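One structure below.
Throughout, a chain's letter reflects where its sequence line sits, starting with A, and its residues are numbered from 1. As the structure is a computational prediction, the values presented were derived from the model and not from experiment.
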Number of protein chains: 2
Amino acid sequence: MADTSTRTVERALLLLGTVCDRGSVTLADAARDAGLSASTALRLLRTLEGTGFVRRDDNGYRPGMRVVQLGAQALSHESLVSLAEEALERLVDSTGESAYLNVPSHDGHGIYLSVREGTHSVRHTSWVGRSIPLEGSAAGAVLRGRTAEDGFVVVSNGIEPDVTAIAAPVISGGHVVAALSVVVPSYRITDDGARRIGRQVAAEAAGILTPPPTNTPPTNESTSPGAQA
Amino acid sequence: MADTSTRTVERALLLLGTVCDRGSVTLADAARDAGLSASTALRLLRTLEGTGFVRRDDNGYRPGMRVVQLGAQALSHESLVSLAEEALERLVDSTGESAYLNVPSHDGHGIYLSVREGTHSVRHTSWVGRSIPLEGSAAGAVLRGRTAEDGFVVVSNGIEPDVTAIAAPVISGGHVVAALSVVVPSYRITDDGARRIGRQVAAEAAGILTPPPTNTPPTNESTSPGAQA
DNA sequence: ATTTGTATTTCACTTATTGAAACGCTCATT
DNA sequence: AATGAGCGTTTCAATAAGTGAAATACAAAT
């Protein structure tokens, strides 16, 4: 894994990241943030501008339309979100709580790929694209393959205070490719309730890539143990 | 040399574009598509991979999670979409037809920034991020400032056959910043009907950036993506 | 066995990127 | 007015960094 990467491009993408993070940023800020000299940052931002990835207004640089365009395209090509749609909906229907689909991202993080809001007036809220640490969160534990025997993970008051997260793995080819999760305000749930929802989430997660109708012959490809009961 | 742009970065972004367009593409195809040598394409794609903008699976390169993440962030910072929400909803309610918010993109195109589907069982459909030519479309004419006296543009069977598009400009600081539009199957509408909807769209478009109550100076700082109450 | 296509590595060439410095500018301070 | 601080921008010489042809290896198709 020698240095097969181009510094210029890395820097430009870094810059793009800070622009999107901040929503609106001045040249000097962006340069500082990315650790670049002003002239370099200017040149790269201009390139990004010329390709529509950022745009300028009087206040500085802002995410360009190309970013939302590519993002939307990418999402639409993500078959997981359509496959998980029904499962998310069933979870919301039967629990009234917010349900999510999380996938691993490039750095040691996960992100929310799909969101279905709960029906309770007090409910957990998140959004597509939001970043989630892999440690200290239920979905993160699942994504790292740390699922317990019973097929789901419960984390109370972890990263986010006052909420209990319940997650289960979506498995494909022996690998965890996503986490299905339900997040509920802690005051509203008991240990038993969490287990009940846990079993439900695990069942839905298992069903996402193995639709019930077909009777798949036993194809055994398990790298990691516990390919589900 | 007034050409201040970085070839490497341009190429990498071009590559990213083809990957997102195709959804899944092999190295050789991507290289051909972007007009690059295989070795260069490989190097750039690896850089994109290392930053999460693309990922690989057995079939080749696919859009990475970073793209959907940045796209979602960019959309959330786009205040226009929240400002236009109610207008879109009212248009759908009163016409039953699909209503859209279009903005100019970098190359001579526009894109769908917000979508509200109509209620008729036969209705026009599009999606966020979709590209739209600026010529031959109602929204395009509006975005180019070609709006007629009466404040709206009607195009029947232009780019898309069998549909009539009705668009009006969202104006800020004397510039057209977006187009609000309603698209209806041509068989369902008369000239008079189009004019009626046209006036409606124009009124809604005019109201998007001029809501009477608040006097907000353009100091938009969305600091942390915190949950709003 | 041969052909075709792909992914990957290597390497000499030199192009294209880099950052300090200088400049003009606006705004706030003295 | 004068001063200073900060920003955006341009210039330019040094050289770091990207480039692509060719070679290699592998796989699948003929």
task = Examine the side chains of B:H124 and B:E160 and answer whether a donor and an acceptor come within less than 3.5 Å of each other.
result = yes
message = Does this structure show an ion pair linking B:R43 with B:E49, if we count only N-O contacts that are shorter than 4.0 Å?
response = no
message = Rounded to whole Å, please give me the gap between CG in A:D33 and P in D:dC7.
response = 13 Å
ask   = Do B:S39 and D:dA21 share a donor-acceptor pair, side chain to base, under 3.5 Å?
value = yes
note = Here the distance between atom P of D:dG18 and atom CZ of B:R7, to the nearest Å, is 11 Å
request  = Considering just the side-chain nitrogens and oxygens of B:T8, establish if one lies under 4.0 Å of OP1 or OP2 belonging to D:dA17.
outcome  = no
query = Hey, are A:D107 and B:R66 close enough for a salt bridge, meaning a charged N less than 4.0 Å from a carboxylate O?
reply = no
ask   = What is the 5' to 3' range of DNA chain C, first to last nucleotide, that sits under 4.0 Å from any heavy atom of chain B?
value = C:dT6 to C:dT17
task = Let me know the distance between CD of A:E10 and P of D:dA16, rounded to the nearest Å.
result = 18 Å
ask   = A:R46 side chain: which of D:dG18, D:dT9, D:dT19 is closest?
value = D:dT9
Residue whose closest nucleotide on DNA chain D lies nearer the 5' end, B:L44 versus A:L27 = A:L27
message = Rounded to whole Å, please give me the gap between CG in B:L45 and P in D:dT19.
response = 12 Å
ask   = Reckon A:R32 has a side-chain N or O less than 4.0 Å from the OP1 or OP2 of D:dG6?
value = no
SB check B:R55 A:E78 (cutoff 4.0 Å) = yes
ask   = Going by atom types only, do B:S37 and B:T40 share a side-chain donor-acceptor pair under 3.5 Å?
value = yes
task = Figure out the CZ/P separation between B:R43 and D:dG18, and round it to whole Å.
result = 8 Å
Nearest non-hydrogen partners of B:I132 and B:I111, listed with the distance = CG2-N, 3.8 Å
Phosphate contact (D:dG20 OP1 or OP2) by B:R11 side-chain N/O below 4.0 Å = yes
task = Specify the separation, in whole Å, of atom CD of A:E49 and atom C1' of D:dG8.
result = 13 Å
ask   = Salt bridge between A:R22 and A:D29, side-chain N to carboxylate O under 4.0 Å?
value = no
message = Based on the rotation axes of five pairs at each end, what angle does the helix from C:dA1-D:dT30 to C:dT30-D:dA1 bend through, to 10°?
response = 30°
inquiry  = Out of the candidates A:D33, A:L45, A:V67, A:L48, only one should pair with A:V19 under the side chain to side chain contact (heavy atoms under 4.5 Å, CB included) rule; please name it.
reply    = A:L45
message = Looking at A:S131, is its backbone amide N or carbonyl O close enough to the side chain of A:H109 to form a donor-acceptor pair, meaning the two atoms are under 3.5 Å apart?
response = no
inquiry  = From CG of B:L36 over to P of D:dA21, roughly how many Å is that when rounded to an integer?
reply    = 11 Å
